[in-house]
2 protein chains.
Amino acid sequence: MHAPVRQAKAKSRPAQRDAERSRAAILAAATAEFTAHGFGGASVNEVAARAAINKRMIYHYYGNKEGLFLAVLEETYARIRSAESELCLAHLAPPEAVRRLVLFTFDYFVKNPEFLTLLNTENMLHARHLKRSEQIQEMHSPLVGTLAELLKRGAADGVFREDVDPVQLYISIAALGFFYMANNPTLSTIFGRNLATPEALETRREHIASVIMDYLRP
Amino acid sequence: MHAPVRQAKAKSRPAQRDAERSRAAILAAATAEFTAHGFGGASVNEVAARAAINKRMIYHYYGNKEGLFLAVLEETYARIRSAESELCLAHLAPPEAVRRLVLFTFDYFVKNPEFLTLLNTENMLHARHLKRSEQIQEMHSPLVGTLAELLKRGAADGVFREDVDPVQLYISIAALGFFYMANNPTLSTIFGRNLATPEALETRREHIASVIMDYLRP
DNA sequence: GGCTTAAGTAACCACGCGGTTACTCCTGAC
DNA sequence: GTCAGGAGTAACCGCGTGGTTACTTAAGCC
C-alpha cells in the first residue's frame with residue numbers, strides 16, 4: 001500500500017490513513033506505557049504521544065482506557081500462545097520434552113519482561129479486564145494438555161512418577177521463572193548482587209530444570 | 001495516655017494530638033490504597049480520607065508520595081521478618097525444618113496478600129524506593145543463613161542431596177507460593193475454576209512441599 | 001463525479017492530582 | 001506562666017487527567 005501524497009503541515013508530518021498501522025502503533029505504545037507505569041499511572045495522553053497519533057483515535061478504536069488495556073492484554077497472551085505453538089514436543093521423549101518446555105518458559109520470561117509486569121498489573125486489578133474478554137479460550141494454554149500426555153507417557157515408560165497433577169506442574173514451571181524475573185529488582189537489592197547477569201540467569205535456568213526434573217523422578 | 005478534651009467542631013470530631021497514632025493510621029490507609037491501586041493509581045487525597053487525617057500531615061511525616069510508599073514497604077518487610085523470627089527451626093531435624101519453612105512461607109502469602117501486590121508494584125518501579133532505603137540490611141532475611149545450615153546438616157545426615165544453593169532454593173520456595181497467590185485471579189479466569197478455595201490452597205500447599213522435598217532427596 | 005464512511009485533527013472540559021501556604025492551637029519544657 | 005515547636009486544619013495552586021466536541025478530509029464505492 002503506497003503512502004498517499006499530501007502537503008505537509010507546519011511542524012507535522014503529512015496525515016496518512018492506515019487503520020491497521022495506527023492500531024498497531026497505539027498497541028505498541030500502550031504496551032510500553034502500561035508496562036512502565038501500571039494501569040492507574042499510565043496516561044492516555046502519553047500513549048498518544050508515544051504512538052504519534054491523535055488521542056481521539058485511541059477512543060475511536062478502543063473505547064476507553066479500560067478497553068485499551070484489555071486489547072494490550074489480549075495481544076500479550078496471543079504472543080505467548082503463538083510462541084508456545086512453535087514448540088514441537090509430541091515427538092520427543094517425555095523427559096526431553098518436559099525439559100524443553102521448562103527452558104522455553106524461562107527463556108520467554110527473560111525475553112518478554114513486559115508480559116510479567118502486565119500480568120501483575122491485571123492481577124492487582126483482580127483480572128477485571130480478562131474476565132470481560134471474549135478471547136479467554138484462546139488464552140488457555142494447550143500446553144497443559146500436552147503436558148498431561150507427556151506425564152502419562154513418562155509414567156508408562158517408568159521415567160516419571162505417577163501422581164503428578166499437570167495443572168499444578170504447569171503452574172510451578174511458570175512460577176519458578178516468573179517470580180525470579182518479575183522480582184529481580186527487589187531480590188537483587190536485598191541480596192546485594194545483580195541477579196540478572198547472563199551467568200545468574202543461566203544458573204537460575206538450570207536450577208529450575210533441576211527442580212522440575214528431580215520432582216518428576218520416579 | 002488520656003484523650004484531651006476539646007470542643008467539637010461542626011461536622012468534625014475533636015482534633016486530637018497523637019503523632020504515633022496518626023502515623024500508624026496513615027500507614028494502614030496507605031497500605032490499603034497502594035495495594036488496591038498501585039503507586040501511580042493511588043491518591044494521597046484518598047489516603048488522607050481513609051486515615052481520617054489531614055493531608056498536610058502526610059507531607060509533614062513522610063515528605064511526599066514516594067516517601068510514603070517507602071515507609072509502607074519498610075513496614076511490610078518488617079512484618080514478614082518479624083513473623084520469620086518466630087519460626088524456631090534450629091532444633092528440628094533438617095527435613096522437618098525445611099518442610100516447616102516451606103509451609104510457613106506459603107501460609108504467610110495466603111494471609112498477607114498485600115505483601116505480594118506491594119512487592120510487584122515496587123518491582124515494576126525497578127525497586128527505586130528500596131534502593132533508597134536505609135533499612136535494606138533489616139530486609140535481608142536471616143532465613144537464608146538458616147537454610148544454608150539446614151542443607152549442610154541434612155547433607156551430612158544423608159537425607160539431603162549435597163549440591164543445593166541455599167539462595168536458589170530460598171527463591172524457589174518463595175516463587176512456588178508467590179506466583180500462585182499473586183496470579184490467582186488470572187489463573188482462575190483462564191483455567192475457568194477458582195484456585196483460591198480452601199481445598200485448592202491445601203492442594204497447592206502440599207504440592208509445593210512435595211516439589212521442594214523431592215528436589216532435596218539424595 | 002458525488003456521496004458516505006471512517007481516519008484523523010485541534011481544542012476543549014470538569015475534575016482530581018501532588019504538593020504548598022498560612023494559619024491555629026496543643027503540649028511539653030524551662 | 002510563657003514560649004517554642006510541632007500536631008493539626010482549611011483552602012489553595014498549577015498542572016495533567018480521561019474523555020468529548022466539532023470539525024476536516026482521505027478514500028472507497030456506486
Side-chain angles (χ1 to χ4, degrees), chain A residues 1-27 29-30 33-34 36-72 125 129, chain B residues 1-27 29-30 33-34 36-72 125 129:
Chain A
M1 177 187 300
H2 67 292
V5 176
R6 175 179 167 135
Q7 281 181 323
K9 281 187 167 173
K11 297 261 175 46
S12 68
R13 62 184 176 79
Q16 294 175 337
R17 293 164 184 251
D18 189 331
E20 283 312 307
R21 190 182 57 82
S22 296
R23 292 176 68 109
I26 290 169
L27 276 190
E33 179 71 8
F34 284 125
H37 301 283
F39 181 80
S43 151
V44 181
N45 291 331
E46 189 57 36
V47 173
R50 284 181 189 254
I53 278 169
N54 194 273
K55 189 168 72 167
R56 182 66 192 83
M57 297 317 298
I58 295 178
Y59 291 93
H60 176 62
Y61 292 128
Y62 300 104
N64 56 22
K65 193 179 183 185
E66 305 265 354
L68 179 63
F69 187 66
L70 176 55
V72 165
L125 302 171
H129 301 95
Chain B
M1 179 188 298
H2 69 292
V5 177
R6 174 177 171 138
Q7 282 182 323
K9 282 188 167 172
K11 298 259 175 49
S12 70
R13 63 181 175 82
Q16 292 174 338
R17 292 161 185 257
D18 189 331
E20 284 311 305
R21 190 182 58 81
S22 296
R23 292 175 68 108
I26 290 169
L27 275 192
E33 179 70 8
F34 284 125
H37 301 284
F39 182 80
S43 150
V44 181
N45 291 330
E46 189 57 36
V47 172
R50 283 180 189 255
I53 278 170
N54 194 275
K55 189 167 71 167
R56 180 69 192 82
M57 297 318 297
I58 295 177
Y59 292 93
H60 175 63
Y61 292 128
Y62 300 104
N64 56 24
K65 193 180 184 186
E66 304 265 354
L68 179 62
F69 187 65
L70 177 54
V72 165
L125 302 171
H129 301 94

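The basis for the numbers below is simple: all heavy atoms, side chains too, and nothing from hydrogens, waters or symmetry mates. What you are looking at is a predicted structure, and each value in this text was computed from that prediction instead of being measured.
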What is the separation between atom CE on A:M57 and atom C1' on D:dT24, rounded to the nearest whole Å? 13 Å
Mind calculating the distance between CD1 (B:I58) and C1' (C:dT20) to the nearest angstrom? 14 Å
Once you round it to whole Å, what is the distance between C1' of C:dA11 and OH of A:Y59? 15 Å
Cation over ring face, A:R23 and A:Y62, 6.0 Å, 45°: yes
Inter-residue atom distance A:I26.CD1 - A:I58.CD1, 0.5 Å rounding: 5.0 Å
Within-4.5 Å side-chain heavy-atom neighbours: A:S43 and A:H37: no
Does any part of the side chain of A:L68, heavy atoms only, come nearer than 4.5 Å to the side chain of A:F34, both counted from C-beta? yes
In whole Å, I'd like the distance from the CD atom of A:E20 to the C1' atom of C:dG8. 16 Å
Between OH of B:Y62 and P of C:dG18 the distance, given in whole Å, is 16 Å
Phosphate OP1/OP2 of C:dG8: any A:S22 side-chain N/O under 4.0 Å: yes
Rounded to whole Å, the CD1-P distance (B:I53 to D:dA10) equals 13 Å
Measure the distance from CG on A:D18 to P on D:dG28 and round it to the nearest whole Å. 10 Å
Please encode protein proximity along nucleotides 11-17 of chain D as a string of B, S and -, counting only heavy-atom distances under 4.0 Å. ------B
For the pair A:E66 (side chain) and A:H129 (backbone), establish whether a donor and an acceptor sit closer than 3.5 Å, ignoring hydrogens and angles. no
Quick check: does any side chain N or O of B:K65 sit under 3.5 Å from a backbone N or O of B:F39, one acting as donor and the other as acceptor? yes
B:H37 NE2 to C:dC17 P, straight-line distance once rounded to whole Å: 10 Å
Does C:dA6 have its OP1 or OP2 closer than 4.0 Å to a side-chain nitrogen or oxygen of A:Y61? no
